[in-house]
Amino acid sequence: MLALHRSCSFPGGAATGDADSAEMTMAWKRYLSQWMTGGTPRQVLPAKADETAAPMPASDLGETVRRALRTVDDPEVGLNIVDLGLVYAIHASRQSVHADITLTTPTCPLGETVVDHARTAIAQALPNVADVTVRLVWEPRWTPAMMSSHARKQLGW
């Protein structure tokens, strides 16, 4: 199995009113609108599996899972859960994938929705893996220091 963890530093301070903020706001509004009307907030495009190809090495499986999870957005922030530092662990083998994720706050009412989207993204990216588990964990508690530099830049920090 492969375990992956990501942690980044946080400079602090947020800017508002720039073009990226407006674009993120519109994307968030579209996402929320689709979710509230019962639609699928974001289509996850599955990786095409070549049935004749050699089995994927475990390290590639972990990276495939991470790429799939980049398609899952946190509904409160509007950025993907990987860049936000919400993915704490990925254990991937040819038979199973287990991921531990968290949320920016334990009071998020959409926690199960994020977990469902993460599970679906992984299952679509690795359709031959039968056992996909995504667990919502609260330890360690998430902090902005866990965000990637890309996420901080998108938020204007």
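Throughout, residue positions are numbered sequentially from 1 according to the sequence presented. Below, each value reflects all heavy atoms present in this structure, side chains not excepted, and no hydrogens, waters or symmetry copies. The model shown is predicted, which means the values in this text are computed figures rather than measured ones.
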Mind checking what makes side-chain hydrogen bond (donor to acceptor under 3.5 Å, both in side chains) contact with T133, not counting sequence neighbours?
H98, D131
With a 4.5 Å cut-off on side-chain heavy atoms, are I101 and Y88 touching?
no
Are K153 and S148 packed together at the side-chain level, in the sense that at least one heavy-atom pair is separated by less than 4.5 angstrom?
no
Measure the CG-NE2 distance between D74 and H117 for me, rounded to the nearest 0.5 Å.
12.0 Å
On a heavy-atom basis, which atom in R152 and which in M147 lie closest, and how many Å separate them?
NH1-O, 2.9 Å
What I'd like to find out is whether the side chain of V114 reaches to under 4.5 Å of the side chain of L103, using heavy atoms alone.
yes
As an exercise, state the distance from CG of L79 to CZ of R70, rounded to the nearest 0.5 Å.
11.5 Å
State, to 0.1 Å, how close I122 and A99 come at their nearest heavy-atom pair, and which atoms those are.
CD1-CB, 4.3 Å
Would you sort out whether E63 and D60 count as a side-chain contact (heavy atoms from CB on, under 4.5 Å), showing the intermediate values?
CA-CA 5 Å; E63 189 53 39; D60 291 345; 5.6 Å; no
Gap separating the NE2 atom of H150 from the CG atom of L155, nearest 0.5 angstrom
9.5 Å
With rounding to the nearest 0.5 Å, note down the distance linking CG in D100 to CG in L86.
12.5 Å
Determine whether L61 and V97 make a side-chain contact, defined as any pair of heavy atoms from C-beta on separated by less than 4.5 Å.
no
Side chains of R67 and T64: any donor to acceptor distance under 3.5 Å?
yes
Grab the two heavy atoms, one from W157 and one from P144, that are nearest each other, plus how far apart they are.
CZ3-CB, 3.9 Å
Those residues at least two apart in sequence (or on a different chain) that pass side-chain contact (heavy atoms from CB on, under 4.5 Å) with R119 are V115, D116, V132, V134
Can you confirm whether L110 sits close enough to E76 that some side-chain heavy atom of one is under 4.5 Å from a side-chain heavy atom of the other?
no
Restricting to non-hydrogen atoms, name the atom on A68 and the atom on A125 that form the minimum distance, rounded to 0.1 Å.
CB-CB, 3.7 Å
Show the numbers, then the answer: is there a side-chain contact (heavy atoms from CB on, under 4.5 Å) between I90 and L69?
CA-CA 10 Å; I90 298 171; L69 292 175; 4.3 Å; yes
Rounded to the nearest 0.5 Å, what separation is found between the OG atom of S149 and the CG atom of D83?
8.0 Å
Looking at OG1 of T102 and CG of L84, how far apart are the two atoms once the value is rounded to the nearest 0.5 Å?
11.5 Å
